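Okay, structure first, notes after.
Quick note on labels: first sequence line is chain A, next is B, and so on, each numbered from 1. These figures come from a predicted structure and were not determined experimentally.
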Amino acid sequence: MTRDLADRRGVETEVYGAAEDSELLAGAAADLVGSGWTVLDCGTGSGHVGVRMRKAGARVIASDLNPHACERAREAGLEAVRGDLLDPFRSGVFDAVAFNPPYLPTEPETEWDDWMEVALSGGQSGRAVIEPFLDGVGRVLAPDGIALLLVSSLTGYESVLGYAGDRGFETSVVAEESFPFETLSVVALTR
Amino acid sequence: MKESLMEIVCCPIDKADLELDVEEREGEEILEGSLTCTECGEVYPIEDGIPNLLPPDMREDAAA
């Protein structure tokens, strides 16, 4: 499978590099954002999604829990902020928020306690980070703002959409790609 | 960070305004300094151009 934790681990331990999921989200985000928009690349990782949104003309704020990811985002020319999900941002400031979350369901005994795990693991449900994101993203979005969330079939697609619906979001799939072990979807969340 | 980031960030704990204190600036970029919450008084460092807006209990560099 493409995102096996053990495979990734040998390659990189500090910052999750751009892979199929980042690319799918980056393309959808670049198509969505307009010139002059203020957008958030939440959990920026390698900065790939943020750079694409900036090329599309947006002012991009890139945030991550991981200090190494923040440094890379800044080196890539993005406005980096170290923070936990949406906590350090004012209400109603973003025209769009893009998030490629840690989503792999992970058994507690297989977790590694390093930055790569933080970037990949979504806890036992795969939704340990997605749910707090969905709880908070409505606050930071402008009234007509749109959130783009990457959702894997491994994470429980219907559960994620149901949770988003319960928080008042309408959902629509704007990009989708199938791989042997999972289907990746970019879901647009609007109110 | 750019000074205009002040319009976007807030205290992660109580969402109040932050007050910027600049120690080192390079053109438009603020490289070193701090952000202080006008409500709770918590101080957030700006290091190498990156504001660290994690709450104090999450601020250690070690992974979770």
| request: Taking heavy atoms only and a threshold strictly under 4.5 Å, list by residue number the residues of residues 6-15 of chain B that touch chain A; give 'none' if the list is empty. | output: Met6(B), Glu7(B), Ile8(B), Val9(B), Cys10(B), Cys11(B), Pro12(B), Lys15(B)
| So if you build clusters from Ile, Leu, Val, Met, Phe, Trp, Tyr with side-chain heavy-atom gaps below 4.5 Å, do Leu18(B) and Ile50(B) land together? | no
| note | For Pro51(B) and Ala80(A) the tightest heavy-atom approach is CD-O, 3.3 Å
| query | Out of curiosity, does Phe133(A) fall in the hydrophobic cluster containing Leu150(A) (side-chain heavy atoms, cut-off under 4.5 Å, transitive links)? | reply | yes
| query | Is the shortest heavy-atom distance from the side chain of Met58(B) to the side chain of Leu65(A) under 4.5 Å? | reply | yes
| note | Residues of residues 33-45 of chain B with a heavy atom under 4.5 Å from any heavy atom of chain A, in residue-number order, are none
| Given that the side chain runs from C-beta out, which part of Thr38(A) has a heavy atom under 4.5 Å from chain B: side chain, backbone, both or neither? | side chain
| query | Can you say whether Glu29(B) sits under 4.5 Å from chain A via the side chain, the backbone, both, or neither, judging by heavy atoms? | reply | side chain
| task | Establish whether Phe169(A) and Val173(A) are linked, either directly or via other cluster members, by ILVMFWY side-chain heavy-atom contacts under 4.5 Å. | result | yes
| query | Between CG of Leu54(B) and OG of Ser63(A), what distance do you get to the nearest 0.5 Å? | reply | 10.0 Å
Result block: side-chain N/O donor-acceptor pairs under 3.5 angstrom for residues 183-191 of chain A, not counting sequence neighbours:
residue   : atom : partner   : partner atom : Å
Thr183(A) : OG1  : Ser178(A) : OG           : 3.3
Ser185(A) : OG   : Glu176(A) : OE2          : 3.2
Arg191(A) : NH1  : Gly138(A) : O            : 2.8
Arg191(A) : NH2  : Ala142(A) : O            : 3.3

| Does some side-chain heavy atom of Leu53(B) sit less than 4.5 Å from a side-chain heavy atom of Asp87(A)? | no
| field | Most contacts with chain B, counted as non-hydrogen pairs under 4.5 angstrom, among Glu79(A), Arg74(A), Arg139(A) | value | Arg74(A)
| Val97(A) with Val174(A), same ILVMFWY side-chain cluster at under 4.5 Å | yes
| query | Would you say Leu85(A) and Val93(A) are hydrophobically clustered, going by side-chain heavy atoms of ILVMFWY under 4.5 Å? | reply | yes
| How far apart are the C-alpha atoms of Asp17(B) and Arg90(A), what are their side-chain angles, what is the distance that settles it, and do they pass the side-chain contact (heavy atoms from CB on, under 4.5 Å) test? | CA-CA 9 Å; Asp17(B) 289 351; Arg90(A) 290 173 184 261; 3.0 Å; yes
| Among residues 45-62 of chain A, which ones touch chain B with a heavy-atom distance under 4.5 Å? | Arg59(A), Ile61(A)
| message | Would you compute the distance between atom CG of Asp48(B) and atom CD of Glu71(A) and round it to the nearest 0.5 angstrom? | response | 7.0 Å
| Has Asp144(A) got more than 12 heavy atoms of other residues, nucleotides or ligands less than 6.0 Å from its CG? | no
